[in-house]
Amino acid sequence: MNERAKADNMDFLTEGTHPIVEAESVVFSYPGAANAALNGLTLRIPAGCRTAICGHNGSGKSTFFLHALGLHRPSSGRLLWKGTELSYQAKQLKKLRQQVGLVFQDPEQQLILNTPGEDVSYGLRNAGVAEADIRHRVKQVLNAMGLDRLTDTPLHHLSLGQKKRVALAGVLALEPELLLLDEPTAYLDRGSERQLMEELDRVHKSGITVVMATHDMNLAYAWADWILVMDQGRCVMAGTPEQVFRNEAAITALGLELPMLLELWQALPEQVREHSAPPRTVEEMKRYLNRLPFAGT
Ligand SMILES: Nc1ncnc2c1ncn2[C@@H]1O[C@H](COP(=O)(O)OP(=O)(O)OP(=O)(O)O)[C@@H](O)[C@H]1O
Ligand SMILES: [Mg+2]
């Protein structure tokens, strides 16, 4: 690996990983807005990886997702899907949207029919799935999201967290190549979050590239292979979780927090930490603490 690639933090991408989506100098303003929502955004989403996009409120995460799907069009700059510039012709957009699934930040924007069962079936019918397969696929995906008992419950009787899971089920049922999740754990309790993460692991292992916009640094740190940090419509940091969070001063200057596990880790004496990589999960931290000389005394 050459030093230049290392310095650019692109080493991960040059080792046989191709970008599935790229933004190049993308500028976009919402009508009537004083400031650009995307202000020269350049980033790459590595294919086959779990990427977390972090950034404070208003940094442009959701606006980027809408660009990745071709729902917004940049005023300058361009988006690429597997190396080819996005075309905004209806036929091409339809094809793109069969390959990219977006779970909106607000489930109310996504769900249109009356019940989870109807909503997920509608998406499959629209995608041209045979009627005979629809019932089976709906059952399977609602089960996976722990929603089987709510299949026929009116959507307006569901909690926000339940609606969020229905929206995700609807997108997963379509088996996209790239799954974009906008704040997927917002409104979810711990049990539902764990279930979601297990489902996402299964989805990722099946070969789907998964990208998540999140404010939850603990989640990003534990889950992601690759982290992008956005600020004021730009991507300001890119790297593995270790690379990104090593830069504590930059993270806090951006108004973000260090993951709690890293804070705890750094509170341990340096001689204890010096030959070990920081733990990524609570389980790893527990195993590590149990090995320390004072453990069990
Ligand atoms: N529909 C809209 N109309 C006008 N301005 C908008 C609209 N949606 C977003 N913006 C503006 O664009 C900028 C980027 O917003 P965006 O929703 O992409 O940020 P975000 O990183 O997803 O934030 P959050 O973490 O709150 O979800 C913000 O300044 C926001 O005020
Ligand atoms: Mg958002």
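Note: hydrogens, waters and symmetry copies are ignored here, and every other heavy atom, side chains too, is used. Both counts, for ligands and for their atoms, begin at 1 and track the order of listing. Here the structure is a predicted model, which is why all the values come from computation and not from measurement.
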With a cut-off of 3.5 Å and sequence neighbours excluded, list every side-chain donor-acceptor pair involving residues 161-168.
| from | atom 1 | to | atom 2 | distance (Å) |
| --- | --- | --- | --- | --- |
| Gln162 | OE1 | Ser159 | N | 2.8 |
| Gln162 | OE1 | Ser159 | OG | 3.4 |
| Lys163 | NZ | Glu108 | OE2 | 2.9 |
| Lys164 | NZ | Phe104 | O | 3.2 |
| Lys164 | NZ | Gln105 | O | 2.7 |
| Lys164 | NZ | Asp182 | O | 3.0 |
| Lys164 | NZ | Glu183 | O | 3.1 |
| Arg165 | NE | Met145 | O | 3.3 |
| Arg165 | NH1 | Ser192 | OG | 3.2 |
| Arg165 | NH2 | Met145 | O | 3.4 |
| Arg165 | NH2 | Gly146 | O | 3.3 |

Using distance alone, with no hydrogens and no angle criterion, decide if Asn114 and His156 have a side-chain donor and acceptor under 3.5 Å apart.
no

Using a strict cut-off of less than 4.0 Å between a Lys/Arg side-chain nitrogen and an Asp/Glu carboxylate oxygen, indicate whether Arg287 and Glu284 qualify as a salt bridge.
no

Does the distance from a Lys or Arg side-chain N to an Asp or Glu carboxylate O, for Lys82 and Glu22, drop under 4.0 Å?
no

Tell me, please, which residues at least two apart from Tyr122 pass ring pair (Phe, Tyr, Trp, His ring centres under 6.0 Å).
none

Taking everything shown except Gln232 itself, do over 12 heavy atoms lie less than 6.0 Å from its CD?
no

Might you confirm whether atom CD of Glu257 has over 12 heavy atoms from other residues, nucleotides or ligands at distances under 6.0 Å?
no

Does a side-chain heavy-atom distance below 4.5 Å link His72 with Tyr30?
yes

Given a cut-off of 2.8 Å, the protein N, O or S atoms lying below it from the Mg ion (ligand 2) are Ser62 OG, Gln105 OE1

Which parts of the protein, at residue level, reach under 4.0 Å of ligand 1 through a heavy atom?
Tyr30, Ala37, His56, Asn57, Gly58, Ser59, Gly60, Lys61, Ser62, Thr63, Gln105, His215

Arg280 to Tyr221, cation-pi by 6.0 Å centre distance and 45° axis angle:
yes

